[in-house]
Structures are given as structure tokens and as C-alpha cells.
Protein chains: 2
Amino acid sequence: MAVIKAETRSGAYYDSVILMQLQRSLAALPGVLDAGVVMGTEANKDILDQSGLLTPEARAAAADDLVIVISAETAAAAQAALERVDELLTKRRRGVEQEYHPKSLESATQLLPDAQWVLVSVPGRYAAGVARQALRLGKHVFLYSDNVSLEDEIGLKQMALEKGLLVMGPDCGTAIVNGVGLGFANRVRRGAIGIVAASGTGLQQVSARIHHLGSGITHALGTGGRDLSEAVGALTAHQCLDLFSRDPETDVIVLVSKPPSSRVAEGLLSAARSVGKPVVVDFIGYASAVRQVGNVRFATTFDETAELAVRLTEDEGRKAKGREEITGLDRFAPGQRYLRGLFSGGTLAYEAQLVLQGYLPALYSNAPLDKEYRLSNSMVSQGHTIVDLGEDEFTVGRLHPMMDNDLRIRRLQQEADDPEVAVILLDVVLGYGAHPDPASELGPAIAQARAGAEQAGRHLEVVAVVVGTDEDPQGFDAQVEQLRAAGARVEVSNDVAVRYVGRLLQSFDPNPESRIPNPLDLAVLHQPLAAINVGLESFAESLTAQGARVVHVDWQPPAGGNDRLMAILERMRKQ
Amino acid sequence: MAVIKAETRSGAYYDSVILMQLQRSLAALPGVLDAGVVMGTEANKDILDQSGLLTPEARAAAADDLVIVISAETAAAAQAALERVDELLTKRRRGVEQEYHPKSLESATQLLPDAQWVLVSVPGRYAAGVARQALRLGKHVFLYSDNVSLEDEIGLKQMALEKGLLVMGPDCGTAIVNGVGLGFANRVRRGAIGIVAASGTGLQQVSARIHHLGSGITHALGTGGRDLSEAVGALTAHQCLDLFSRDPETDVIVLVSKPPSSRVAEGLLSAARSVGKPVVVDFIGYASAVRQVGNVRFATTFDETAELAVRLTEDEGRKAKGREEITGLDRFAPGQRYLRGLFSGGTLAYEAQLVLQGYLPALYSNAPLDKEYRLSNSMVSQGHTIVDLGEDEFTVGRLHPMMDNDLRIRRLQQEADDPEVAVILLDVVLGYGAHPDPASELGPAIAQARAGAEQAGRHLEVVAVVVGTDEDPQGFDAQVEQLRAAGARVEVSNDVAVRYVGRLLQSFDPNPESRIPNPLDLAVLHQPLAAINVGLESFAESLTAQGARVVHVDWQPPAGGNDRLMAILERMRKQ
């Protein structure tokens with residue numbers, strides 16, 4: 001029959017690694033059957049209960065109390081084990097081989113003045129205070145601690161933003177800065193992919209998969225899981241995107257997070273579109289109707305994210321498809337800015353609208369994706385417009401526009417006369433059943449429309465999507481040739497044509513550069529990493545193992561963990 | 001100054017190709033400036049108005065009336081042109097080289113008894129009647145006509161379903177059956193991809209892109225744009241999926257449509273999952289949070305659809321990754337059926353839930369995707385469960401499960417003792433900061449859990465995702481080896497591991513086969529195509545050009561287009 005004895009201690013702080021090791025040492029003592037060494041939270045009491053270790057004493061412990069429970073064969077063995085607790089704790093306390101442990105951040109800073117980082121892994125209720133001290137000392141913060149309040153997170157991140165510093169976290173499990181892993185981090189090859197992640201194991205899985213694929217990363221920056229919430233507004237993620245946009249070694253950026261709020265997602269995606277590098281976004285579980293908007297691509301799993309990022313770094317060398325520069329913008333007259341799409345194919349018109357959603361703020365149609373953008377009169381375009389001329393309203397008692405080009409040619413002329421029109425997009429569908437030689441009619445109409453615009457001092461860009469094969473009865477090459485001769489840009493893929501049009505129209509009204517008030521100094525990414533560690537000693541050991549310089553602080557809760565005294569100390573520091 | 005003269009004719013039917021040709025012939029006569037030949041619909045009157053051709057006579061025309069307007073240099077020239085209308089119409093009427101034009105479907109059937117298809121392109125208000133006749137004669141219907149009522153579409157498709165026949169359309173622009181294009185269709189190489197499309201130009205763009213990529217199609221079947229609406233319920237699409245699932249020449253199926261209602265999408269995706277072949281779905285603009293569920297993959301543009309389908313046909317030859325057969329199901333005891341996922345990585349747990357959504361009806365978690373599935377007690381699993389042991393609730397005053405395996409090992413034992421548990425999924429995260437040798441603790445726990453289950457007459461499948469690289473301090477290979485030796489299946493990708501688990505769990509409860517009441521005879525796909533054409537003569541010409549046998553019907557509206565008489569005739573036919 002087992003004998004159980006327990007002891008609780010108030011106001012004592014030991015890091016959790018030490019508690020785990022104490023538990024194992026106790027369990028290994030002669031006559032001891034099981035041991036529990038935990039802080040007295042409800043969840044930990046549940047766990048003690050399941051192991052039959054929840055004595056009345058342990059049940060009465062507060063969340064701040066250290067609870068030690070021994071189950072032994074005899075009362076004497078249990079008592080002997082409890083008496084060895086202090087000895088075992090003391091024996092443990094020389095983990096990091098550092099002769100002198102400073103007791104404060106200030107003195108640690110004097111020991112290692114070029115430390116850019118402070119790693120904080122003290123319990124949640126103390127963590128914000130330590131992080132604030134670090135920011136006041138001009139250090140970036142890696143905040144591993146969880147159970148930090150939302151208000152503290154926002155306050156810390158705003159303070160960091162003002163000072164041009166970074167706060168990764170709270171609850172930031174991992175990061176890799178200049179080859180050195182902070183917190184939990186795999187050893188990953190150096191390469192050209194920069195990762196921003198609001199997800200610890202997401203970052204680890206993506207970076208490990210990039211390594212498996214033979215590629216590598218520049219840096220991987222964590223933001224903490226709450227950074228992309230409505231309340232925090234992705235403050236850290238925006239700083240990281242900005243850093244990577246300016247980092248010359250980063251060719252491709254990866255952004256990983258659980259799905260953010262739509263407002264935050266919009267802001268981040270808008271920033272991502274303006275970084276000038278390919279960005280792979282994995283908002284895990286975020287249902288995106290398109291896979292690509294300009295330089296931004298969407299992935300849905302970590303595997304796919306890694307594969308896409310690696311493929312893009314390979315493409316970077318030989319200029320990725322679809323990144324062709326838009327030139328000749330000076331040929332357009334001031335005021336020219338609208339697209340008019342004149343489609344015979346209904347679903348091509350639909351796909352065009354879908355893809356253009358990512359490029360244009362508003363797009364009207366007689367068959368719109370969203371009825372808010374329905375043309376009030378299908379015969380008259382407004383703003384950016386895509387007309388489906390094969391809709392029922394146009395085909396009662398009249399041939400389909402794939403057979404009869406008449407209506408489309410009239411509309412083409414009408415659009416070309418509009419001084420605000422810059423681009424005309426049309427589809428030319430070949431094959432059996434269709435017009436036997438559509439380019440013979442559309443070609444001259446296109447040439448005439450362009451000539452008319454030119455006489456009026458404008459440039460009219462005409463983009464034609466030819467849907468067909470080399471075996472079609474119209475003769476594919478001859479159709480393309482006639483359209484090209486008329487001055488049209490010809491594509492064989494609707495997707496490619498529409499993306500070109502999207503980029504062209506965007507260059508009339510480029511996104512403003514994303515602005516970070518106090519951009520971080522790129523040096524943070526490129527100097528050899530040096531850090532001050534406050535909290536789990538094992539993190540300091542891990543930095544040392546990676547060859548980084550580190551000073552571990554022998555931290556104890558301020559004011560013995562007394563909340564009121566802590567608040568007073570904090571106010572004094574601010575003055 | 002131009003002179004405009006107009007004429008309207010009631011009750012006359014000419015197909016629209018003929019009207020277009022009449023218009024062009026008239027416009028080319030001496031002294032004629034412009035000509036309009038249209039049915040008197042409002043849209044057509046708008047167009048006449050824009051060209052300055054809307055005379056008071058034309059304005060007064062009804063939708064059924066043929067309107068002929070001539071603008072000429074002199075009144076005499078206009079009059080002369082109008083007088084040539086009958087002659088020009090007569091001259092045109094020998095398009096198809098066929099000595100005798102039958103006047104009815106019945107007599108056409110006698111002329112070409114092995115015609116399997118009737119192509120219908122008469123005006124909308126007559127089209128349902130012709131299609132019904134065709135079904136009564138046991139023919140499949142390609143219904144090009146638009147402006148057909150929803151009630152007629154449902155009636156026709158239900159009738160077809162009862163008879164084991166297919167109705168493609170109404171408003172079906174295109175199909176390719178056994179190498180012959182119906183309506184509008186590109187000439188596309190034969191291959192192993194079967195296409196089902198509720199979108200005409202979608203089908204054309206996808207099939208053309210497949211051809212561009214050097215691949216080809218078996219058949220491409222249209223359903224009409226409304227088939228996937230809530231009201232029609234995808235009757236035709238289900239028949240087509242069933243056909244392709246049984247067609248031995250089709251290796252990969254493509255399904256293209258604008259986004260259907262969620263009920264219809266669910267039904268179709270469920271049918272697609274049970275066809276036993278890869279299916280690429282492009283519900284254009286349908287935002288899917290995952291790219292793949294079992295054999296079903298989602299694409300978002302026509303280009304991507306074509307590329308994916310072609311890649312899959314290539315994979316078919318050498319067995320696509322992830323289609324490995326699930327074996328050894330007989331080792332599980334009756335009643336074993338649940339998954340328990342014990343994760344240390346929060347976002348890995350999240351991705352696992354996301355991917356498993358497509359495989360499992362309900363999945364509980366302490367950090368669920370949807371709060372409906374929140375565990376009532378995080379310490380106790382229910383049904384299929386994924387627990388994130390790194391959640392704050394477990395880490396107050398306790399080490400993260402990446403450093404301390406204690407809690408996880410206890411939970412593993414608890415789950416293994418549950419006779420309903422079949423699979424345990426866990427992640428093992430390596431790297432700096434993590435436990436120095438997790439497999440040394442997890443391995444024996446896994447071996448013990450499996451041995452315990454075996455003693456109780458059960459089989460416990462344990463799947464471990466190892467997140468790490470070959471440069472991690474724990475030694476990647478040694479970690480994997482220890483886990484494998486303990487009997488775990490080891491994967492390095494969360495995605496791959498989770499999909500394996502999904503397929504395994506599904507095989508305990510396979511989807512019932514999709515059931516079509518009267519499956520179509522596969523012969524429809526494999527017999528040389530022969531057809532009866534009612535409506536646009538040019539469609540008959542196009543079939544002839546493709547080497548298919550065709551009989552064109554010299555069709556006139558029944559009862560001179562009188563609605564009341566038509567209804568009486570229709571009732572008489574039914575008797």
C-alpha cells in the first residue's frame with residue numbers, strides 16, 4: 001500500500017526544466033513509486049488527480065504555489081525524498097557554464113553590450129515586465145512566455161514600433177535569426193527564403209520541408225499566435241514583411257498563420273503585394289477563391305507552402321513566368337484607365353472577373369460575381385466593365401457571338417471611342433460550330449479601333465484570348481497572325497491574358513508603398529547573434545551549442561512575486 | 001440623306017444563320033447603306049436604335065416578328081432591296097447537301113435509325129417540345145437552345161433519367177462525344193481525361209489547354225449552365241460522373257462549373273469521392289480551404305485544371321503518390337474506429353483538423369476549428385479527437401510537451417486502453433530547444449501501448465510525424481529508427497501523415513457507391529456518333545465536316561407558332 005506525502009512552497013521560482021528534473025530525480029529515489037512536482041494550477045491538479053497524487057494539501061495549493069507530492073512504499077521513504085528536495089534543487093543550479101550569473105538585465109547588458117536580443121521565458125505574469133525592460137534597453141525581444149495578457153502584448157508591440165525594435169511573441173515558440181535558432185528551432189540550411197510565421201510548429205514544419213527539398217532560408221521570424229488578431233493588427237508581421245522586402249538575401253517570402261480577421265488579412269495582403277518579391281501565403285484553412293494575385297500566391301498546407309516557395313526561388317534565377325515588366329505606359333493619354341472586356345464565352349467572362357477581383361477595386365458586368373456590380377444597362381459600360389455578349393438577353397432571335405461578330409464589333413467601336421478606355425479584352429473562340437474565320441472580321445475592327453484612338457492622341461491596348469487548337473478548322477496560326485497584325489496582343493490562356501491586363505491596369509494606379517514608421521535596421525538580420533536569456537536555462541544552453549554568445553540572467557520574480565509591490569516598482573522604472 | 005424602310009413578318013421561322021446571311025446580302029446591294037434583320041425583341045430593338053434603324057414599324061414589332069430594316073441612298077434602292085428578300089431567302093435554303101429534308105423527327109429517325117443523338121437548336125419556346133419528342137424516341141439530347149424554362153429543364157432531365165438517356169443542356173454550347181464535337185467544339189486530341197462541364201467556354205478552354213499540353217480527352221460532356229443549381233440538383237452531372245467512372249478509357253475526370261449551391265456541391269463531391277479515379281474539380285470561384293480530399297483535387301482556374309488533369313494522367317501510369325492501398329484492416333477488432341491525435345505543435349494540430357475535415361464527419365478538439373466540436377473536458381477524448389497539448393491550459397507552471405513527454409505518455413496510455421480507438425497520431429518535433437531524445441521516451445511508450453492493445457485482441461495503429469532535419473542535434477535517423485522499432489508508422493510531413501490516417505479511417509466506413517437509377521449504356525460513348533439535327537443548319541454541316549452521319553430536319557414551328565394549338569398537339573402526343 002502506497003504512502004503519499006505532499007508539500008507546498010509559496011513564492012518560490014524555479015524554471016520548469018528544473019522542476020521536471022527534480023520530479024525525475026525524486027521518482028528515482030529508493031522506495032519512491034511516483035512523484036509530482038508542479039505549480040498548483042487547476043489543470044496540473046487534474047493531472048495529479050489522474051495519477052492518484054492529489055492529496056488534500058495539493059488540492060488546497062494556489063496557482064503560484066510549488067506542489068511536491070511523493071508516493072512511496074513507506075512513510076519513511078516518502079519523508080526521506082521530501083527532505084532531499086533542496087539538495088537536488090541546488091545541485092541542478094549549475095547548468096550553463098557561466099561563472100557569474102548577473103541578477104538583472106542591466107548588468108547582463110554590461111557583460112554582453114552587443115547583445116541585440118533578449119529571450120524571455122519567465123512565467124506569463126512576469127514576462128511583460130521583463131520584455132518592457134529589454135525594450136527600454138534598446139533590445140529586440142523574443143518572448144517565449146505564454147499566458148501574457150492581450151493589453152500587454154499591444155503595449156509592448158507599440159513600444160517596439162516606436163523604437164524600431166521587434167517583439168516576437170508572446171507565445172512565440174521559435175525563430176531562426178542569422179542561422180541561430182531561438183526557442184525551438186530545427187537546424188535548417190541557409191538559402192533565399194524568408195519566413196514570417198504566427199505559428200511555431202507551422203514555422204518548423206515549413207522550414208524543415210524546405211530543407212528536405214534541398215533549399216534553405218535566410219531567416220525565420222515568429223510573431224506569436226495572436227499577432228494577426230483584430231486587436232493586435234499584425235504589428236509584428238508588418239515589420240517582418242518590411243524587413244524581408246529590404247533584405248537583399250531574401251528572394252521569396254513565406255507568410256504562415258491561422259486565418260486572420262478579414263481586415264487584418266486585407267492589410268497584410270496589400271503590404272505583401274507591394275514588397276516586390278514573390279510571397280507565398282498559407283493562412284491555414286483560409287478559403288481563397290484564387291491561387292494568385294500578382295506576386296502573392298496562396299497555399300493551403302505546409303507541404304505545399306514549402307514546395308511553392310522552393311519552386312519560386314528556382315524561378316527567380318530565370319525570371320518567373322508572369323513577372324514580365326509592363327512597359328510603354330507613357331503611350332497612354334492622361335485619363336485613360338479603364339478596361340472593357342467584350343466576351344463571347346460566358347465562363348471565360350466569369351473567370352476573368354474572378355481573377356481581376358485581386359487587381360481592381362470595382363468591376364462591372366451584365367453577369368457580375370456580385371450583384372452590387374451589375375451594369376444598370378448592359379448596352380453601356382461603366383468604369384471597368386466585362387460584358388458577356390452570349391447572355392440570353394443578347395441572343396433572343398440573334399446568333400451567338402461566337403458565330404456572329406456584328407454586335408461585338410459595334411461594341412468594340414463604341415468602347416474605343418471612350419477617352420477613359422485604356423484596354424480592350426476579348427475572346428476569340430475557334431472550333432467546329434464557331435465562325436469560320438472570326439479574325440477576318442475582328443482583325444480589321446481592332447485595327448480601326450486602334451487607329452481611331454491614335455488619331456485622338458490615345459493608345460488603345462487590345463488583348464485577345466484565342467481559345468483553340470492547332471487542329472481547329474479555322475487554322476489556329478492564321479487566326480493568331482491576323483489578330484497580331486491588327487495590333488492585338490494574343491494569348492492562348494484566359495488566365496495569362498487576364499493577369500497581364502490586371503498588372504497593366506494596376507500600373508496606372510500603383511499601390512502606395514507600405515510604410516512602417518520606424519523601419520528596423522537590417523543589421524539585426526546580419527550581425528552575429530548575441531543574446532541575453534531570462535527564464536529557461538535550457539534556451540541559453542541551446543544558444544551556446546549553436547555558437548552564439550549568451551548571458552543567462554539568474555532571474556527571480558520582482559518583489560518576491562507580490563503584485564502590489566511589482567506595480568510600484570514598474571511605475572518607478574517608467575520615471 | 002439616307003432613306004429608311006422597314007417590313008415586319010409574323011409567324012415566320014428562319015434560323016439565325018440564315019437571317020445573318022440575309023442581312024449581309026441586303027447590305028451589299030447597290031445603294032444600300034445598312035440593313036438590320038432581327039427578331040423583334042427589346043434587346044434587338046435597342047441595337048437597331050443605336051444604328052439609327054429603329055423605325056416606328058420596327059418599334060411596334062413583337063418578339064416573334066421578323067423585322068427587316070433597310071437604310072439606303074434613295075427610296076427606290078430601299079424598296080428594291082426589300083423586294084429581293086424572298087428570293088435571297090430561297091436561294092440560301094440549300095445549305096446541307098442532303099437531297100431530302102424530313103419534316104419531322106419521326107421521319108428523320110427512319111432515315112437514320114442508328115442515330116443516338118438529337119441536336120436541338122430551335123428557338124427556346126419550341127425547344128423543350130422537340131427535346132421531349134427526341135426522348136420519347138429513345139434518343140439522347142444535345143440541347144443548344146437557351147431561353148428554355150427551368151420547369152421544362154427539370155421535366156426533361158427527370159424523363160431522361162427514367163429512360164437511361166442523357167439531356168445535355170439547355171444552353172449547352174459544346175460537347176465532344178467519341179471524337180465528334182457537338183455545337184461549338186475545338187478539335188482536341190484523344191486521351192485519357194473525361195470532362196464534365198456546366199460551362200461551355202470553360203469546357204473549350206480546359207480541353208484546348210489539355211491539347212496544348214500534349215495530352216487529350218476521352219469525351220467532354222456538357223450539362224447546361226443551370227444543371228448544378230439547387231432546383232435541377234445536378235441530375236446530368238451525376239449521370240456523366242457515373243458514366244466516366246465506368247468508362248475504361250477514362251483515367252482522370254475533370255468537373256467544371258460556376259460555384260454550385262452548397263447542397264449540390266456536397267452531393268457531387270461525395271459522388272466524385274466514390275468514382276475510384278482522380279477527379280479535378282474547378283468550381284470557378286468556389287473558395288475551398290483545402291486542395292485535396294482523397295481522390296478529389298480542387299483547381300481555381302481553367303489553366304490549373306488542365307495542368308493538374310494532365311499531371312494526374314501521367315501519374316496514373318506509375319501510381320499517384322498518396323493512392324497507396326490501405327491493407328491489414330482485418331487486424332482491427334470490431335468496434336475499433338476512432339482517431340486520437342496527441343499533438344505538441346498547435347498549428348500541426350490545426351492543419352490536421354483542417355485536412356481531416358474532408359475525411360471525417362466530426363472531429364473534436366480542445367482547440368477546434370469550429371467551437372461546436374470543442375471537447376467538454378480537454379483531459380478526456382470523445383469520438384475522433386485531436387488534442388493540442390501545448391495549449392496554455394496545459395502549460396501553466398509546466399514545461400511545453402516538446403520538452404517534457406510526461407503528460408503525452410500518460411495520455412497515450414489512456415487512449416490505447418480505449419477499445420474504440422484504432423489510430424493514434426502524434427508529432428515529434430526535433431531541433432534546438434526541444435527534448436534532447438524524445439524517441440527514447442516516446443518509443444517505449446508506443447511499444448507498450450501497442451502490446452497492451454494486442455493482448456486485448458486489438459490492433460493499434462500509431463502514426464508519428466517527425467518534424468526535423470538531418471542536421472538537428474537529436475540525430476534525425478536515430479529518432480525515426482527508434483519510433484519505427486516501436487511499431488510506429490513514421491512520416492516527415494504532417495500533410496502526408498494526416499491524409500494516410502484519413503484514408504485509413506474512411507476504410508472503416510466506406511462511402512456507399514453513388515447510385516444512378518438507370519445507368520446509361522456505355523455504348524453511347526463508344527459507338528460512332530450519328531445524329532439528327534433540328535434547328536441551326538450550320539451544326540449539321542459541322543457534323544458532316546467531322547465525318548459523322550447526320551440528318552437535318554426541315555423544322556417549322558408546330559401549329560405556326562400558335563401557343564394554344566401547340567399545347568393541344570403536345571397533349572395529343574402524350575396519349
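Lettering of chains follows the sequences in order, A, B, ..., and the numbering in each one begins at 1.
Among B/I47, B/V465, B/L369, B/D46, the residue with the largest count of heavy-atom pairs under 4.5 Å with chain A is B/I47. Comparing A/E42, A/E351, A/R291 by how many heavy-atom pairs each has under 4.5 Å with chain B, the most go to A/R291. When each of B/D470, B/V355, B/L543 is scored by its heavy-atom pairs under 4.5 Å with chain A, the top score falls to B/D470. Between chain B and the options A/R189, A/Q414, A/E441, the largest number of non-hydrogen pairs under 4.5 Å is found for A/E441. Among B/F343, B/F302, B/Y286, the residue with the largest count of heavy-atom pairs under 4.5 Å with chain A is B/F302. In terms of heavy-atom pairs under 4.5 angstrom with chain A, the leader among B/M379, B/E393, B/E304, B/Q23 is B/E304. Put simply, of B/G431, B/S378, B/A185, the one with the most heavy-atom pairs under 4.5 Å next to chain A is B/A185. Chosen from A/L354, A/D427, A/D406, A/V256, the residue pairing most often with chain B at heavy-atom distances under 4.5 Å is A/L354. Comparing B/M402, B/Q546, B/Q353 by heavy-atom pairs within less than 4.5 Å of chain A, the highest count is held by B/Q546.
None of A/L348, A/D388, A/N494 except one satisfies the side chain to side chain contact (heavy atoms under 4.5 Å, CB included) rule with B/T201; the exception is A/L348.
Heavy-atom distances place the side chain of A/L407, and not its backbone, under 4.5 Å from chain B. Neither the backbone nor the side chain of A/S257 comes within less than 4.5 Å of any heavy atom in chain B. Contact of B/L182 with chain A is not made at all, since no heavy-atom distance falls under 4.5 Å. Within the 4.5 angstrom heavy-atom criterion, only backbone atoms of B/A299 (N, CA, C, O) approach chain A. Contacts of B/S51 with chain A are made by both backbone and side-chain atoms, with heavy-atom separations under 4.5 Å. Within the 4.5 angstrom heavy-atom criterion, atoms from both the backbone and the side chain of B/I284 approach chain A. Contacts between A/Q474 and chain B at a heavy-atom distance below 4.5 Å are absent for every atom of the residue.
Atoms OG1 and CG, on B/T305 and A/D495 in that order, are 9.5 Å from each other to the nearest 0.5 Å. Distance check, rounded to the nearest 0.5 Å: CG of B/L203 to OG1 of A/T347 gives 9.5 Å.
When side chains are defined from C-beta on, B/R499 counts as touching A/T301, because their heavy atoms get closer than 4.5 Å. Within the 4.5 Å cutoff, side-chain heavy atoms of B/V429 are placed close to those of A/Q204. Annotation: side chain of B/L399 is in contact with side chain of A/L536 (closest heavy-atom distance under 4.5 Å). Side-chain contact between B/R411 and A/Q50: absent, with no pair of heavy atoms (C-beta onward) separated by less than 4.5 Å.
The backbone N or O of A/L430 lies less than 3.5 Å from a partner atom in the side chain of B/N186, making a donor-acceptor pair. Although no hydrogens or angles enter the test, the distance criterion places a donor-acceptor pair under 3.5 Å between the side chain of A/H212 and the main chain of B/G468.
For A/H400 and B/F184, the ring centers are positioned less than 6.0 Å apart.
In terms of heavy atoms, B/M403 sits closest to A/F539 at CE-CE2, 3.5 Å. Nearest heavy atom pair, residue B/Q205 against residue A/V492, reads NE2-O, 3.3 Å. Among all heavy-atom pairs drawn from B/A208 and A/V467, the shortest one is CB-CG1, 4.4 Å.
A salt bridge links A/R24 with B/D404: the distance from a Lys NZ or Arg NE/NH1/NH2 to an Asp or Glu carboxylate oxygen falls below 4.0 Å.
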* Evaluation steps, side chain to side chain contact (heavy atoms under 4.5 Å, CB included), between A/F298 and B/T300 -> CA-CA 11 Å; A/F298 294 92; B/T300 60; over 6 Å; no
* To do: Begin from the C-alpha positions of B/Y432 and A/V180 and carry the test side chain to side chain contact (heavy atoms under 4.5 Å, CB included) through to its verdict.
  => CA-CA 9 Å; B/Y432 292 112; A/V180 177; over 6 Å; no
